[in-house]
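Each remark here refers to the structure printed beneath this line.
Values reported hereafter were calculated over all heavy atoms of this structure, with side chains retained and with hydrogens, waters and symmetry mates removed. As the structure is a computational prediction, the values presented were derived from the model and not from experiment. Chain A is the first sequence line, chain B the second, and so forth, proteins listed ahead of strands; every chain is numbered from 1.
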Amino acid sequence: MFDRGQVRAPYVGLDGWTRAMPSELRHMKQAEAEALFRRIGITFAVYGEGGDPDRLIPFDMFPRVFAAAEWARLERGIKQRARALNAFLVDVYGRGEIVRAGRIPAHLVYRNAAFEKAVVGFLPPKGVYSHIVGIDLVRTGPDEFFVLEDNCRTPSGVSYMLENREIMMRMFPDLFRENRIEPVDNYPALLRRTLASVAPQKCEGEPTIVILTPGHFNSAYYEHSFLADMMGVELVEGQDLFVEGEYVFMRTTEGPKRVDVIYRRIDDAFIDPLCFRPDSMLGIPGLMDVYRSGGVNICSCPGAGVADDKAVYTYVPEMVRFYLGEEPILKNVPTWQCAKRDELLYVLDNMADLVVKEVHGSGGYGMLVGPKSTGDQIAAFRARVADNPENYIAQPTLALSTTPTFVNEGVAPRHVDLRPYCLVGERVELVPGGLTRVALTEGSLVVNSSQGGGVKDTWVLAE
Amino acid sequence: MLSRTADNLFWIARYMERAENTARLLEVGDRISLIPSVHGYRNEWDSLLRASGSADGFAQKYDDPVARNIESYLFFDPGNPSSVASCLKQARENARIVRTALTTQVWDALNTAFQELKQIERRPRSELDLTEMTEWVTQKTATVRGAIMATLLRNDGWDFLNLGYALERADATARLIDVKYYVLLPRVEFVGSGLDNYQWMTLLRALSLHRAFNWSYAGDLTARKIADFLILNPQNPRALTTSMEAVNMALDRIAKAYGRETEAQDCARRMLADLSATDPDAIFDEGMHEFVTRFINDAGRLSASVAATYLTGDAR
């Protein structure tokens, strides 16, 4: 919020607001927000991990604010990256030119666990593999953003973006009268339009869209049902769908109804037991055959995950140059690949200053934060990396900027990241906002909700 | 509408109605146990357990049908699928699955009942007053029904909810008549002998209908009048006729919306026509138990036909 002791411009409107809010009122509002979340049923169920299945994600009432110009640049960068990632997917399941040009090593693509042989040579409708691209960003300076991670499969959290806004508007209507904040509530309409724009070749007339969920035990089930509700489409489970002839149908009270576009929120491996895991009860037998023959479209397409792992990540700026002929607007965090001999040696020598991650790790597990680790921990991790270098990458610990956050004592700086949701169909679109996750523990860099992170509303101010 | 969605809506209604019926049984049992009687309370509790279909489950868990055990079993026991707690939890879980087919207000009513139930479960049993608990249940089930009536779209989802409510209610009333009759008065010649008036009054209380009966029949408590009231009187909200009218209304609306009739409509119409064509004398001639058993079997067939036609999605 502050820049050399001055309140940063986008936060000026909030400065008076926090000063005017006595702590009793703040606690009251906080309790009110939590009651609202619980009543609406926005819970983060982590089944199988024990604990309360109706757990709430902590909500911080202090919004994160972007000025119009800051956002405009971010938006350009995100759309550019989403286009490049899709171009990459079309290429590697097609002619593989980026590999033949030597710009990315073949084994990173073709021996990648997420590479899907079943779609090789198949071009999905409008040439889009990843329809909802979630790009995680952190800020390190006034004009400096780094991409932490790309999510090309089924990024979650967009319901928080929408509900956080809903609750802020309900609790603090005055803030919205006093500040000109860009709305995010047309996201479901944009998502619907995006999904409709990639209807398969054999679709006749208005496409029937469904959301495919693993079921109500899934931790993101609230989000699945929320999106289905907002878009006015059916929320289906695998058992609701079946394949007959060249098409996919859903079981309805009026008999079978054809389905054209499936926004799936289940993993590749579970989509079709005939094609992938035979023990999956979640999927639809025969779905992949219908998909490949143009009877249905699956969003995001199976195999899209080959573009978003931590080793391929290193090459995304290269993809932007190769496919779009542009300079990347958003930077990657500098990354050392332990698979390369010289970079491995650097990582082993400098481990105390680096963050070392497993290539396929997620959720803040399987990593070493060098500056926060003991000598013994570092030595143990060094041995693991030396043993299996291909499985690791390393990055510097960035000097991350912070945003003001309500804590017990008042307002204090905390680390955050940002996940905007870029929609790719006939057009590439983005609502002005995203999900801001905040590390509520002082000094912590970890914002994952499974590790005690919270969320806050994200504002983009109008010009 | 997805068959699975319709199935969940249908069962939300059945579970809510069942929770209410179980609570009513509990209340009347508690009331009877306070009144000294030649019949003793044990028989009453036993018949109530039978009416809720919980007698076997109870016997496996407890020896003594004393009030405290029965309260635990009928109100709280997660192992008893008809307990108030099981029904409310199941209804809320079904609602969570079909959130998109419900309004916020309906969800809110179901979810609030669930959250409050969890608080009640945490309180020491000795602090709980049974009347307070059963009143809480009837209040919550009424709130849910009120929210459905006030806010839900009158589409097929509404029809499947009403179908669930009406079928469950028909079934509950029939079972209650049967149990009271079969267990306590197996032989037809005892009917009207004066021995059974007290039992009939208990039955009316279980349905919260004793005052309504007195209004409708000027307090003339005879087996014939009670049979007429419980089975045939369209003014009685829980009568078999009234419930079957509601079943038919829901099924007719579904047939109209979908532009086709199925065997479910045939079956429901036949059941209603049977009821309209009969009178108390004919019912006693057939035998009350035989009549009610036939009705329960028909209702079971109708329920299976509704499931096969609409709720599994296998019908073409």
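- With sequence neighbours excluded, the residues satisfying ring pair (Phe, Tyr, Trp, His ring centres under 6.0 Å) with A:F226 are A:Y222.
- For residues 1-14 of chain B, a heavy-atom distance under 4.5 Å to chain A picks out B:M1, B:L2, B:S3, B:R4, B:T5, B:A6, given by residue number.
- At most 12 non-hydrogen atoms from other residues, nucleotides or ligands lie less than 6.0 angstrom from CE of B:M249.
- Contact annotation for A:V210: neither backbone nor side-chain heavy atoms come within less than 4.5 Å of a heavy atom of chain B.
- Enclosure of atom NZ in A:K29 by more than 12 non-hydrogen atoms of other residues, nucleotides or ligands within 6.0 angstrom is indicated.
- Comparing A:G255, A:P256, A:A228 by heavy-atom pairs within less than 4.5 Å of chain B, the highest count is held by A:P256.
- Neither the backbone nor the side chain of B:T112 comes within contact range of chain A; no heavy atoms are under 4.5 Å apart.
- Annotation: salt bridge (charged side-chain N to carboxylate O under 4.0 Å, His left out) contacts involving residues 206-233 of chain A, sequence neighbours excluded, comprise A:E223-A:R265.
- The number of heavy-atom neighbours closer than 6.0 Å to CZ of B:R125, taken from other residues, nucleotides and ligands shown, is above 12.
- Among pairs with a residue in residues 186-200 of chain A, those fulfilling side chain to side chain donor-acceptor pair (under 3.5 Å) read A:R193-A:E429, at least two apart in sequence or across chains.
- Atom NZ of B:K256 has 12 or fewer neighbouring heavy atoms from other residues, nucleotides or ligands inside a 6.0 Å radius.
- Side-chain atoms of A:R251 and B:T312, non-hydrogen and from C-beta on, never get closer than 4.5 Å to each other.
- For the atom pair A:Y221 OH and B:R99 CZ, the distance stands at 9.5 Å (nearest 0.5 Å).
- Within a 6.0 Å sphere centred on CD of A:E166, other residues, nucleotides and ligands contribute 12 heavy atoms or fewer.
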